[in-house]
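Take a look at the structure set out below.
All values reported here derive from a predicted model rather than from experimental measurement.
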Amino acid sequence: MAMSELLTISHQISSLLEDNDVSSHYVSYFLHQAQKETFGASLHPDWPEPVHRVARALADLDISDVSRIYHVASDYYTWPLYQRALCMSVPSTNHMCKSVVMENKRWRPEHPGSRFYCVMVQYLHSIDTGAMADYVRAMDGSKVSRRHFNFRLCSPEMSLEMTGYDKNGVSPFGTPVKMPIIVCEGIVGLRPPVFWIGAGHVDYKLAMPVQAFIDATGSSVADISVVSDKGQ
């Protein structure tokens with residue numbers, strides 16, 4: 001099948017699933033499959049250790065039965081985003097998200113709040129660092145001058161140190177360093193309300209309902225992302 005045909009199918013599926021009734025049926029099917037696949041790390045000896053770590057964290061949070069872990073092809077990241085979505089029956093490319101670690105470069109130990117934040121953002125979006133600075137400052141009671149906020153994406157090396165996961169496998173679950181988690185507002189508005197993120201290893205992805213993630217992690221929700229001019 002030609003790539004243009006796959007793209008057309010992807011768009012048709014996305015449009016269909018925006019309907020409230022269809023979206024509800026999709027979530028019901030997703031949860032049914034998740035419960036059938038309810039995992040314990042001991043049941044999947046082929047999973048890499050980082051994926052086991054994610055699975056254990058999900059079990060500790062009692063959300064294994066609403067989560068699904070997918071094993072993707074080794075050349076997955078050479079595919080266009082819509083093809084990656086199709087291979088996991090993802091409703092649209094907007095549902096494809098990632099965990100990124102943001103650092104306030106001007107943070108000082110005497111300041112309130114955190115130096116690092118783990119942000120859930122859609123692949124087709126990028127972090128608005130100015131909006132993030134305003135949000136975090138307000139969340140901390142605006143006790144510190146705005147000039148003390150300068151958020152930047154962490155280097156791959158720092159992200160690995162903070163999360164324990166390599167690039168394209170970063171997950172907010174089972175990290176050695178606990179950080180506040182922020183979910184970008186666009187993710188909350190997804191229909192169906194399910195999203196996909198890294199599962200600890202480049203070849204594994206994790207999906208769950210957005211609200212289940214927020215409730216389990218105590219995440220905050222903020223309007224801190226914009227559509228990327230790069231696209232995918």
Side-chain angles (χ1 to χ4, degrees), residues 1-34 37 48 51 54 66-100 118-128 153 156 159 165-173 182-214 221 223-232:
M1 185 178 290
M3 287 297 179
S4 59
E5 293 174 300
L6 286 175
L7 184 57
T8 298
I9 291 171
S10 175
H11 288 159
Q12 290 172 341
I13 292 172
S14 299
S15 297
L16 177 65
L17 288 169
E18 288 176 358
D19 177 84
N20 286 336
D21 288 338
V22 178
S23 174
S24 178
H25 283 301
Y26 180 94
V27 173
S28 295
Y29 174 77
F30 178 93
L31 293 175
H32 175 70
Q33 292 300 112
E37 300 165 3
V51 182
V54 169
V66 297
S67 304
R68 300 183 68 186
I69 290 178
Y70 300 76
H71 186 192
V72 299
S74 59
D75 61 346
Y76 172 87
Y77 278 101
T78 67
W79 303 350
L81 197 59
Y82 70 85
Q83 186 179 355
R84 298 182 220 168
L86 285 172
C87 84
M88 294 185 290
S89 299
V90 180
S92 77
T93 53
N94 285 320
H95 290 70
M96 306 285 282
C97 303
K98 57 186 175 181
S99 310
V100 298
C118 187
V119 181
M120 305 296 110
V121 61
Q122 292 158 286
Y123 259 101
L124 295 177
H125 286 224
S126 58
I127 304 296
D128 181 336
L153 185 68
S159 178
Y165 305 118
D166 281 315
K167 182 181 177 181
N168 294 329
V170 176
S171 175
F173 297 103
I182 301 176
V183 176
C184 288
E185 193 171 77
I187 296 174
V188 178
L190 290 171
R191 290 293 176 272
V194 180
F195 76 131
W196 276 250
I197 56 175
H201 186 279
V202 64
D203 293 339
Y204 291 80
K205 306 302 165 195
L206 169 67
M208 69 178 63
V210 177
Q211 195 59 51
F213 177 92
I214 292 171
V221 177
D223 183 10
I224 58 169
S225 70
V226 293
V227 176
S228 173
D229 58 6
K230 294 183 296 183
Q232 288 203 44

If you look at every heavy atom in [X] and [Y], which pair is closest and at what distance?
X	Y	value
Val202	Lys205	O-NZ, 3.2 Å
Gly198	Leu206	O-CB, 3.9 Å
Pro172	Cys118	CB-SG, 4.1 Å
Asp203	Ser74	OD1-CA, 3.9 Å
Ile197	Phe213	CD1-CE1, 4.3 Å
Val100	Leu153	CB-CD1, 3.7 Å

First locate atom [atom1] of [X], then atom [atom2] of [Y], and finally report the distance between them rounded to the nearest 0.5 Å.
X	Y	atom1	atom2	result
Gln33	Ser89	CD	OG	9.5 Å
Ser228	Tyr123	OG	OH	12.5 Å
His25	His32	NE2	NE2	14.5 Å
Leu190	Trp196	CG	CH2	9.5 Å
Ile224	His125	CD1	NE2	12.0 Å

Aromatic centroids of His201 and Tyr204 separated by under 6.0 Å: yes
Taking the side chain as every heavy atom from C-beta outward, state whether [X] and [Y] have any atom pair closer than 4.5 Å.
X	Y	result
Val194	Pro91	no
Val119	Cys184	yes
Leu124	Val227	no
Val121	Cys97	no
Leu31	Val27	yes
Val72	Met88	yes
Tyr76	Cys87	yes
Ile182	Val221	no

Step by step, would you call Val170 with Ser159 a side-chain contact (heavy atoms from CB on, under 4.5 Å)? CA-CA 8 Å; Val170 176; Ser159 178; 3.9 Å; yes
[X] side chain to [Y] backbone, donor-acceptor under 3.5 Å:
X	Y	value
Ser24	Asn20	no
Gln122	Asn94	yes
Tyr165	Phe173	yes
Arg84	Trp79	yes
Tyr77	Asn168	yes

Just by distance, no angles: are the side chains of His95 and Ser92 close enough, under 3.5 Å, to form a donor-acceptor pair? yes
Show your reasoning for whether side-chain contact (heavy atoms from CB on, under 4.5 Å) applies to Arg191 and Ser23. CA-CA 6 Å; Arg191 290 293 176 272; Ser23 174; 4.0 Å; yes
